[in-house]
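To keep things clear, I will list the structure first and then write my remarks on it.
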There are 2 protein chains.
Amino acid sequence: MTAKFKIDDVAKECGLTKRTLRYYEEIGLLSPPERTDGGIRMYTQEHIDRLKRLINARDVLGFSLQELQRYISITEELESHRQGYRQISDDKEKLPKLIQLEPVVKNQLVIIEEKLEKMIEMRDEIQQFLNRVQAAIARMNGENEQ
Amino acid sequence: MTAKFKIDDVAKECGLTKRTLRYYEEIGLLSPPERTDGGIRMYTQEHIDRLKRLINARDVLGFSLQELQRYISITEELESHRQGYRQISDDKEKLPKLIQLEPVVKNQLVIIEEKLEKMIEMRDEIQQFLNRVQAAIARMNGENEQ
DNA sequence: GTTACAGTTGACGTTAACGTTAACTTAGGA
DNA sequence: TCCTAAGTTAACGTTAACGTCAACTGTAAC
């Protein structure tokens with residue numbers, strides 16, 4: 001039996017609030033967890049893993065929650081494929097889905113690579129600026145010591 | 001005399017709306033341009049350049065407009081240094097400013113590099129996923145042709 | 001000079017992404 | 001069994017980042 005987590009455990013583990021967790025569930029970003037008889041949410045480790053990837057994409061890519069829904073639905077497909085359940089009868093249903101999926105993933109990749117390039121440019125600019133600042137400080141200190 | 005631009009020219013050039021330009025000025029993100037006698041804003045090329053860097057940082061780094069204010073004030077320092085006006089009397093005033101500035105820039109760099117790392121991870125994950133999807137499609141097509 | 005288009009300043013409206021409060025229920029230890 | 005801490009839903013509040021509308025003014029071409 002996989003260990004279960006209450007909402008506050010998950011919140012603390014992921015650096016979110018309970019409100020945010022319920023909100024993400026409300027807008028369909030997080031799949032509703034099982035409940036106890038009393039109605040209390042019991043999250044699994046998978047929920048936590050998913051949340052962390054979500055937060056990562058939100059912070060790093062700056063995606064809106066709407067965009068995250070699409071992004072997650074993609075990596076969801078990934079998971080179901082990772083499971084490795086493959087029967088030939090199943091494949092016939094999957095092929096069109098895969099063919100639909102391919103350009104979407106490809107596009108996702110292009111977007112990230114564009115951002116990556118720009119980000120590297122910005123890093124280099126700031127790096128150079130830092131170098132100049134440090135050089136200026138060193139130079140001025142040198143003058144003072146003479 | 002440097003060419004001047006009206007608000008709608010700038011808006012189109014930068015892919016923003018006029019409202020957004022006025023808003024950015026209102027919150028101190030964009031320095032107020034000169035006005036005609038009638039009160040009409042006349043932007044310079046520098047305004048445009050600055051705006052483009054702003055938009056870049058907003059989109060790529062996902063900074064809030066508040067964070068952008070800090071970010072911009074840094075690159076502002078950069079510009080004033082790039083100008084290269086240096087007198088020894090001036091230096092004495094600048095040294096403490098530089099010493100204050102250095103850790104801020106350094107920190108900015110750290111933040112960007114962290115994001116960069118995570119971004120590269122995500123790109124690799126998606127890349128691998130794409131490979132699997134394409135392999136699956138190829139495999140299924142192969143089966144069909146037999 | 002007048003017409004039409006683009007500019008100006010308020011001021012109120014909107015959407016996303018939660019925060020906060022209230023009123024109530026559940027779970028688990030003493 | 002009772003008490004408290006943590007859970008639940010429902011509903012209203014808040015902030016950022018603009019959109020939109022109204023009422024008015026400046027500018028360029030005719």
Side-chain angles (χ1 to χ4, degrees), chain A residues 1-45 47-48 50-73, chain B residues 1 3-44 47-48 50-73:
Chain A
M1 51 174 173
T2 58
K4 304 278 181 170
F5 307 92
K6 287 181 155 189
I7 194 166
D8 208 35
D9 306 333
V10 180
K12 274 167 188 162
E13 174 72 21
C14 297
L16 300 174
T17 68
K18 296 182 280 183
R19 173 66 170 112
T20 300
L21 289 180
R22 297 199 193 98
Y23 178 64
Y24 283 5
E25 182 182 336
E26 186 186 330
I27 64 172
L29 205 53
L30 191 59
S31 61
E34 308 259 303
R35 305 282 191 118
T36 66
D37 289 355
I40 288 185
R41 272 167 261 253
M42 300 305 275
Y43 295 92
T44 70
Q45 184 62 40
H47 282 101
I48 295 182
R50 180 184 170 136
L51 259 172
K52 287 192 176 172
R53 291 214 317 277
L54 215 76
I55 294 165
N56 219 14
R58 186 194 65 179
D59 293 348
V60 176
L61 302 180
F63 280 3
S64 72
L65 299 190
Q66 256 197 24
E67 290 168 319
L68 281 183
Q69 306 216 15
R70 299 197 52 212
Y71 175 80
I72 277 296
S73 74
Chain B
M1 50 172 175
K4 304 278 181 171
F5 307 91
K6 287 181 159 189
I7 194 164
D8 208 35
D9 306 334
V10 180
K12 274 167 187 162
E13 173 74 20
C14 297
L16 301 173
T17 69
K18 296 183 279 182
R19 173 67 170 111
T20 300
L21 290 179
R22 297 198 192 99
Y23 178 65
Y24 282 7
E25 182 182 335
E26 184 186 331
I27 64 171
L29 205 53
L30 192 59
S31 61
E34 309 259 306
R35 304 283 191 117
T36 67
D37 289 355
I40 288 184
R41 274 168 260 254
M42 300 305 276
Y43 295 92
T44 69
H47 282 101
I48 295 182
R50 179 183 171 137
L51 260 171
K52 287 191 175 173
R53 293 213 315 279
L54 215 75
I55 295 165
N56 218 16
R58 186 193 64 179
D59 293 349
V60 176
L61 301 181
F63 280 2
S64 73
L65 299 191
Q66 256 196 24
E67 290 168 319
L68 281 182
Q69 307 219 14
R70 300 196 52 213
Y71 176 80
I72 277 296
S73 74

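Atoms considered below: every heavy atom in the structure, side chains included; atoms not considered: hydrogens, waters and symmetry mates. Letters A, B, ... are given to chains in the order of the sequence lines, protein chains preceding strands, and every chain is numbered from 1.
Under the 4.5 Å side-chain criterion, counting only non-hydrogen atoms from C-beta, A:Tyr23 is not in contact with A:Leu29.
For A:Tyr24, counting side-chain heavy atoms from C-beta on, the closest listed nucleotide (D:dC18, C:dG7, C:dC18) is C:dC18. Relative to the side chain of A:Asp8, the nucleotides D:dG26, D:dG7, C:dG19 differ in distance, and D:dG7 lies closest. The listed nucleotides are D:dG7, C:dT8, C:dG19; the one nearest the side chain of B:Arg35 is C:dT8.
Nearest heavy-atom pair, B:Glu25 versus B:Tyr43, reported as atom, atom and distance to 0.1 Å: OE1-OH, 4.0 Å.
Atom CZ of A:Arg22 and atom C1' of C:dG19 are 12 Å apart (whole Å). Nucleotide D:dT25 holds its P atom 13 Å from the CD1 atom of B:Ile40, rounded to whole Å.
For A:Thr17 and C:dG19, the shortest distance from a side-chain N or O to OP1 or OP2 is below 4.0 Å. Look at B:Thr20 and you won't find any side-chain N or O under 4.0 angstrom from OP1 or OP2 of D:dA17. For the OP1/OP2 pair of C:dT20 and a distance below 4.0 Å, the side-chain nitrogens and oxygens of A:Arg19 include no atom meeting the criterion. Phosphate proximity of C:dA6 to B:Lys6: absent, as no side-chain N or O sits under 4.0 Å from OP1 or OP2.
In summary, B:Arg41 and B:Glu34 do not engage in a salt bridge, as defined by a charged side-chain N under 4.0 Å from a carboxylate O.
If you check every strand for non-hydrogen atoms under 4.0 Å, A:Arg41 touches sugar and phosphate atoms only. Across all strands, A:Ile7 comes closer than 4.0 Å only to sugar-phosphate atoms, never to a base (heavy-atom distances).
Checked options B:Asn56, B:Val10, B:Thr20; the residue passing with B:Leu51 is B:Val10 (criterion: side-chain contact (heavy atoms from CB on, under 4.5 Å)).
Shown for residues 59-69 of chain A: no residue has heavy atoms falling under 4.0 angstrom of DNA chain D.
Judged by distance alone, with hydrogens and angles left aside, the side-chain atoms of A:Gln69 form no donor-acceptor pair with the main-chain N or O of A:Gln66 at under 3.5 Å.
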